[in-house]
Amino acid sequence: MVPLIAFDKVSKFYGRGEATIRALDQIDFSISGGEFLAIMGPSGSGKSTAMNIIGGLDRPTSGEYRFQGVPTSGFDRAQLTLMRRHMLGFVFQGFNLLARTSAVENVELPLVYRGMEHRERRRRALLALDQVGLSGRADHTTQELSGGQQQRVAIARAIVTDPAVLLADEPTGNLDTKTSVEIMHLITRLNRENGITVIMVTHEEDIAAYGRRLLRFVDGHLVSDEQRTAEVQHAV
């Protein structure tokens, strides 16, 4: 079976000569559909660079990144935008919601970019909010929501397009412990029940433990690729 995502000797360098920074150096891995994968590593390890390449936000200096078996090196900017718009959902540490805008309008935004008719995008946005447990907060602005509720809105916005992959960059970084657990239970449920492939960057071991697979990066190298057993994986 063709992997959903594959890195084949992917490298990413910044700068030239002695000032060259090797953010990624000859990285190989593949991800199958339906996986829940956590990526860890210290600052500057390459984990965020790998996430940016997966998300079509950056390109490798060398090597090949394939999505659904298709090399992305031949994609122009418009094709990368279409890949992000139709296949990927993004969740960020800082929520990235529009201020003074209702929850449902924030969730609708990716569908606006698709040119979807208002009634249908409103229906889908309300359904996504219901999936994350916020059906009663659709008309509340972001200022009227707690941090955990704002992250739920961000997750609803990420899944409203029915993406193949959810990319979560430190999704609990701005949340307290109790709210972090709630958000991770939600992401785990979306992975298990909806079949969304989850790729999550985190620096917290207890958050990474929710994944069924763990990649560790150090100094631009992939140093370990660990499958979690049911006993090792976080109980949820």
Side-chain angles (χ1 to χ4, degrees), residues 4-5 31-39 51-52 54-57 67-68 80-98 101-140 142 145-175 179-202 207 210-213 236:
L4 178 62
I5 287 166
I31 302 171
S32 299
E35 285 199 70
F36 187 160
L37 182 143
I39 300 176
M51 180 74 96
N52 287 340
I54 292 170
L57 302 171
F67 188 85
Q68 294 183 325
L80 287 173
T81 298
L82 286 174
M83 182 181 78
R84 290 193 297 270
R85 188 174 295 171
H86 292 273
M87 302 303 297
L88 308 175
F90 295 85
V91 177
F92 303 97
Q93 177 177 344
F95 314 144
N96 291 9
L97 300 176
L98 298 177
T101 303
S102 70
V104 70
E105 288 169 329
N106 269 282
V107 176
E108 283 182 330
L109 195 58
L111 304 178
V112 172
Y113 293 143
R114 284 192 180 185
M116 187 175 291
E117 179 267 332
H118 177 268
R119 181 178 297 180
E120 176 61 13
R121 71 173 186 254
R122 179 58 55 96
R123 183 191 70 82
R124 293 181 63 166
L126 290 172
L127 179 61
L129 284 170
D130 183 58
Q131 286 184 279
V132 301
L134 284 182
S135 56
R137 296 287 188 270
D139 294 325
H140 289 233
T142 54
L145 301 173
S146 68
Q149 289 171 333
Q150 289 185 52
Q151 191 62 298
R152 286 175 182 267
V153 172
I155 293 169
R157 181 185 57 191
I159 66 172
V160 73
T161 58
D162 194 24
V165 181
L166 181 67
L167 297 171
D169 189 358
E170 300 282 3
T172 63
N174 285 341
L175 304 175
T179 307
S180 295
V181 170
E182 293 172 354
I183 291 300
M184 290 312 304
H185 279 224
L186 171 59
I187 291 174
T188 301
R189 178 168 57 81
L190 290 170
N191 169 252
R192 289 179 175 174
E193 297 180 6
N194 294 30
I196 296 175
T197 303
V198 176
I199 304 172
M200 176 181 67
V201 165
T202 182
I207 297 300
Y210 284 88
R212 294 197 299 272
R213 182 179 169 196
V236 294

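Because only heavy atoms are used, hydrogens play no part in the values below, and waters and symmetry mates are left out as well, while side chains stay in. In what follows, residues are counted from 1 in the order of the sequence shown.
Interatomic distance, Thr188 OG1 to Arg212 CZ, rounded to the nearest 0.5 Å: 9.0 Å. In this structure, OG1 in Thr172 is found 9.0 Å from CD1 in Ile183, a value given to the nearest 0.5 Å. Here the CG atom belonging to Leu37 is positioned 7.5 Å from the CD1 atom belonging to Ile54, to the nearest 0.5 angstrom. Summarising the geometry, atom CD belonging to Gln151 is positioned 9.5 Å from atom OG belonging to Ser180; distances are rounded to the nearest 0.5 Å. To the nearest 0.5 Å, atoms OG1 (Thr142) and CG (Leu97) are separated by 6.0 Å. Put simply, CE on Met83 and CG on Leu88 are 5.0 Å apart, with the number rounded to the nearest 0.5 Å.
Using a 4.5 Å cut-off on side-chain heavy atoms (C-beta onward), Leu4 and Glu35 make no contact. His185 is not listed as a side-chain neighbour of Arg189, based on a closest heavy-atom distance of 4.5 Å or more. Taking the side chain as every heavy atom from C-beta outward, Val153 and Arg137 never approach each other to under 4.5 Å. Taking the side chain as every heavy atom from C-beta outward, Phe36 and Ile187 approach each other to under 4.5 Å. In this structure, Gln149 and His140 have side chains that are not in contact, with every pair of non-hydrogen atoms separated by 4.5 Å or more. Side-chain contact between Asn194 and Gln131: present, with at least one pair of heavy atoms (C-beta onward) separated by less than 4.5 Å. In this structure, Met51 and Leu167 have side chains that are in contact, with non-hydrogen atoms separated by less than 4.5 Å. Residues Ile31 and Val165 are not in side-chain contact: their nearest non-hydrogen atoms beyond the backbone lie 4.5 Å or more apart.
Side chain of Glu120 to main chain of Glu117: no donor-acceptor pair is present (N/O by atom type, distance under 3.5 Å, no hydrogens or angles). Remark: the backbone N or O of Leu57 is not paired with any side-chain donor or acceptor of Asn52 at under 3.5 angstrom. Looking at Asn191, its side chain does come within 3.5 Å of a backbone N or O of Gly34 through a donor-acceptor pair. Checking side-chain atoms of Arg152 against main-chain N and O of Val132 turns up a donor-acceptor pair under 3.5 Å. Judged by distance alone, the side chain of Asp130 and the main-chain N or O of Ser135 form no donor-acceptor pair under 3.5 Å.
Test Arg119, Arg114, Arg122 against Glu108 for salt bridge (Lys or Arg N to Asp or Glu O under 4.0 Å) and you get one pass: Arg122.
Contact record, Leu80 with Gly56: CD1-O, 4.1 Å, taken as the closest heavy-atom pair. Shown here for Ile5 and Ile199, the closest heavy-atom pair between the two residues is CD1-CD1, 3.6 Å. Closest of all the heavy-atom pairs between Ala154 and Val91 is O-CG2, 4.3 Å. Across all non-hydrogen atoms, the minimal contact from Gly148 to Leu175 is N-CD2, 3.8 Å. The two residues Arg124 and Val160 come nearest to each other via the heavy atoms NH2-O, 3.1 Å. Closest approach of Ala158 to Pro163, counting heavy atoms only: O-CG, 3.3 Å.
Side-chain contact of Arg157 with Asn96: a donor-acceptor pair under 3.5 Å is absent, judged by distance alone.
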- Task: May I have the step-by-step check of side chain to side chain contact (heavy atoms under 4.5 Å, CB included) for Asn174 and Phe92, ending in yes or no?
- Result: CA-CA 10 Å; Asn174 285 341; Phe92 303 97; over 6 Å; no
